[in-house]
Amino acid sequence: MMPGTRYPPMVIWAARDIQRHCGRSMLLFACLASLVFLTAMALLFSQALDATWERLMDQAPDLVVRRIDGGGWAPLPVDVAMACAKKIPGVIDPTPRLWGVVPGPEGPVTVVASIAVVPESMLKGIPPPSAGQAVVGQGVARALSGGRLSLGSNHSVTVSVIHTFPADTGLATHDLVWMTPDDARPLLGLVPGQASDLAVHLFRREEERAIQADLAAAFPWPVRITDRSTSALNHHTRAVRSGGIAVVAGIPALLALLLIITGTVVDNTARQAYWGLLKSMGWTTADMVRLQVSRAMIVGIPAVVLGLASAYAAVFYPPAAGITAFWVTGGQHLPALTLVSSGAAMVMIEIAAMVGLPFLAAVFLTTLRAADGSPWTLLQADPWN
Amino acid sequence: MIWHPLTWAFWVAAATGGLLYATGAVQAVDVMLNWTPAHADIDQLRRERHAESAALLGHWALGFLTAAALLGLVGVALVWHRMVPGAMCGTGVLQAMGTDGSRAMIFWGVSLLILHGWRVLDGLDVQRPQGVLTRTGARLMISAAPFFLLAVFYSWQALMRVETVPTVSCCAAVYDRVLSGASESAALKSLAAICLWFSLAGGAALLALMVLKIRFPDRGSGAMPAIIAVLWSFAATVALKQVGSAYYYQVLSHPCPWCLFLPDYYGAGFFIFGGVAVVVMESIAIWLADRTRRRYPVLAGPAGKRIQRSAWGIVTAMIGFTMLALGPAIAWRLRTGVWLNGSP
Amino acid sequence: MELNAGLVCRGLNFRWPGKNADEPPVLEAVEAVFAQGTVSLVTGNTGSGKSTLMHLLAGLLHPTAGEVWADGQPVSRWPSRHRDPWRRQVGIVFQHLALIPDLTVGENLLLPMIPRPITWSRMQEEIRRQLEDAGLSALADAPTNTLSGGQRQRLAIARALVARPRFVLADEPTAFQDDHHAARICAQLCDIAREGAVVVIGSHDPRLRSFDGIDRRFHLASATLTGAAVNQGAP
């Protein structure tokens, strides 16, 4: 005899019902857990990518000014640019930056020579390189031979690598090479007094759009100004789209599978007599729906938890994280991602809506279809007749 | 926008709720057209089963569609503005959606309100076996269909429009509107003052009526509280937007209701406007229960209990609303000795 | 006819759906009062319609004409969402027993209790009491499919009585019992009736015809129910 407890009898009976049909319940559990795993993995990855980008973008300058001419980007005369920028009210701390893309041993790398390009949080106590030295990202470090790195084609420069950027900054530093301005200038084709662009911070971040026009008018040559919000929007769109596409690609088929399996598990015609018997004893259709929903919750909640936990591990714990990044992004390098609590909550809500609601609806509809008959008719389906 | 997972979540919830609603509405059609409670023929027995299924489906559909509407609200208020260039809150998202966004919200609201009314009638009908409200309930349930279809249509239009939207000016538009002309500003100020005083007076009247309804549920009109509640909800919303919100933002001239939903203001908008929604919904429940009480004496008892329950709901919601809407203003006044606009 | 006196049939007709109108009905113009606190026996040959009458009284079948009233309410006219929960007041013993074979004896008794607003411990108490009355205490954890025919029938009766129903409808409740157990079941049903329930037994068991606890006897033949009171001292 079952011991006396305070748990609602319906839930206890639902658990006993699951035990009676263990195989079907396991099938449902596995199907639901896989579905949640695949959905949550894509969503968590997208959220984490977004959060990581947002963290990095938060440290980026509000505006970046680049000089352009008929041939594209042109070097920026530092003194003139600084003087022009400082004239605009609201602009603080304009900083010339030296950086550019140059050929590396295994494809192009991004060379930076001014600390302003790299957010401080990424440096994490790394000492700045001296002449002939460099700090490189994880992607560049893999291609090194004997701790030395040769860059450039016309003007080749060889430097010794003294450090690599931490793995958790990989999203921004993967292909980065940080060296002294004197080493970088020949590679970037810049003479002293010239910079690649001008990073500008504003007194009020909200004014970034308003100040752009004044700033552009202040320079004696055509410039292109990029604001932080536009970059953030682009990154956010990319991150969201990566998750959305992965979800959309896999969900319909899996959802169909879930509906079929739920239907198979719940709507068993052999159980019609059972429903009829329950009705003859005073159960209502609503009671039966409650019983089936309790069953679904007992199987579903652990399945969702398992799916979410597996997805979390797949996104944040290497080496699974690498495979996930490859699957979701289509082969991009592995960044070390972070997740914020609001992002995690949003993933939970999305999973609940995309998997939980159709699952519950399937349970409800199949139960209703099976139990919505007169008790006498349902009783006739049984083997005791 | 089309790729945003929350957009998919919204559509999945809306589609699932729509499927449940459509299934229930189809069964309700048979009940509405042919319900004959005095007969026991096979068709009537089938109709009885249909009525039971339709009721269950309606309850589930209401739950799912409410979830979809809340997902949409979360999207507009908290999430989608990050996908819209220039948007900082729901104002920017609605700007990007054009009139379709506002229409979608209105039709979602009307659909849910009708289904809530149906839920009230069904809750009363189930109390007695005579089934006197079964046909009316079926009719009300089906009458939500055109509004729901329009809600879905305008939601689709609005979300597709966001996909290709140029930069919006969001709260800058709110500032501009306030600061643009002295005459408009003066008109706004007087409207705000009227709405503020009406919301205070209407709120007090509604509270008094609710206390009476709790004590004497079978006396007085049910229409009066509903009319006052609907008018109060408009006035309270305008007063909150024009006056109360300033104490959250701690700046004047930023009458944006959507910023209240942002985490910066602890998502207060969800609770404040949730309170207004509860007042409107429960006042409609009182109206329907009162009508039922008058027309069907057999349901007078359950209807009286429903009126009392709704009255308690309104009192609770109004206390919550008042605390959240006026609390920051009173706190400011106590701390600084003046109101935000400088008046003592 | 007093309609609020227990379970009342008023002009009850029943014809199986789909049968020709010129075929004889299963039940025709049945008028009967199964009063509160009494045990009524309905006898009749096999196929005479006893089980159908039981199912009509339990609200499992709908009469094609006429009504079944319970405690002054026309329950046969109620829509299913009211008739289904009303059945919580009915304990029915099926002729075919309708036990769930893979459940234990105790679990079979639990089934009618689950949707009722009573605590789990109270359910356990009721089950224990009912198992003792049925002489099945030692078999509480045994699967139903290991029981003998007589034990299963006693279990079916225990399941009908476990929730203390207002109306007990027993279809051939002594078919698989020896004389001792048949008498015990009759006594058990009489006890329930004395506590205020309406007990209707449908049977062609000759042992029941002679049982002195029966208050009213009815006979069903040619779709017509005839009967008379036996024990006038019934409450």
Side-chain angles (χ1 to χ4, degrees), chain A residues 1-25 268 270-295 298 367-368 371-385, chain C residues 17 51-52 54-56 58-62 80-125 127-128 131 137 140-141 152 159-160 162-163 165 169:
Chain A
M1 185 67 61
M2 283 168 269
T5 67
R6 287 184 176 276
Y7 295 116
M10 191 71 83
V11 177
I12 298 173
W13 190 251
R16 174 71 178 100
D17 224 19
I18 289 168
Q19 195 195 354
R20 285 175 66 206
H21 306 98
C22 197
R24 288 182 201 156
S25 302
N268 190 335
R271 281 169 72 84
Q272 277 197 348
Y274 174 60
W275 296 133
L277 180 63
L278 294 183
K279 277 198 169 179
S280 75
M281 291 189 288
W283 288 58
T284 60
T285 308
D287 288 330
M288 291 169 196
V289 168
R290 231 168 276 140
L291 175 71
Q292 289 298 87
V293 169
S294 301
R295 273 186 65 179
I298 292 172
T367 305
L368 198 60
D372 179 37
S374 82
W376 194 86
T377 314
L378 292 170
L379 275 166
Q380 296 312 299
D382 110 286
W384 52 62
N385 279 299
Chain C
S51 297
T52 305
M54 292 290 164
H55 292 168
L56 283 164
L60 298 176
L61 284 172
H62 252 279
S80 56
R81 72 198 289 200
H82 289 276
R83 212 171 46 247
D84 288 346
W86 169 78
R87 228 175 271 119
R88 284 176 199 169
Q89 299 179 46
V90 179
I92 183 162
V93 182
F94 290 100
Q95 188 175 10
H96 48 64
L97 305 183
L99 298 168
I100 309 284
D102 64 318
L103 294 182
T104 66
V105 169
E107 286 166 346
N108 264 289
L109 290 190
L110 188 62
L111 280 176
M113 314 271 277
I114 292 166
R116 289 161 211 257
I118 49 177
T119 61
W120 183 252
S121 54
R122 166 92 193 283
M123 286 180 190
Q124 300 300 314
E125 203 179 293
I127 289 169
R128 208 171 296 122
L131 284 171
S137 295
D141 295 324
R152 292 171 68 182
R159 190 182 61 189
V162 70
L169 306 166

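First the proteins, then the strands, lettered A, B, ... as listed; each starts at 1. Keep in mind the model is a prediction, meaning the values are calculated, not measured.
Only the side chain of C:Arg116 comes within less than 4.5 Å of a heavy atom of chain A; its backbone N, CA, C and O stay farther away. For C:Ile92, the part sitting under 4.5 Å from any heavy atom of chain A is the side chain, from C-beta outward, and nothing else. With a 4.5 angstrom heavy-atom cutoff, C:Met113 does not touch chain A via any of its atoms.
Here C:Leu103 is the residue among C:Leu103, C:Val105, C:Ile118 with the most heavy-atom pairs under 4.5 Å with chain A. When C:Arg83, C:Arg88, C:Arg81 are compared by the number of non-hydrogen pairs under 4.5 Å with chain A, C:Arg88 comes out ahead. Residue with the most contacts toward chain C among A:Gly276, A:Ser374, A:Ser280: A:Ser280 (heavy-atom pairs, distance under 4.5 Å). Across C:Arg159, C:Met123, C:Arg87, C:Gln89, the residue that shares the most heavy-atom pairs under 4.5 angstrom with chain A is C:Arg87. Chain C forms the most heavy-atom pairs under 4.5 Å with one residue out of A:Leu278, A:Thr284, A:Leu291, A:Thr377, and that residue is A:Thr284.
In this structure C:His82 satisfies the side chain to side chain donor-acceptor pair (under 3.5 Å) test with no other residue, sequence neighbours excluded.
Atom OG in C:Ser137 sits 12.0 Å away from atom CD1 in C:Ile127 (nearest 0.5 Å). Separation of atoms CG (C:Leu111) and CD1 (C:Ile100) is listed at 6.0 Å; rounding is to 0.5 Å.
Annotation: cation-pi geometry satisfied between A:Arg20 and A:Tyr274 (NZ/CZ under 6.0 angstrom from ring centroid, within 45° of ring axis).
Of all non-hydrogen atoms in A:Trp283 and C:Asp84, the two that sit nearest each other are O-CB, 3.8 Å.
Of the N and O atoms on the side chains of A:Lys279 and A:Thr285, at least one donor lies less than 3.5 Å from an acceptor on the other residue.
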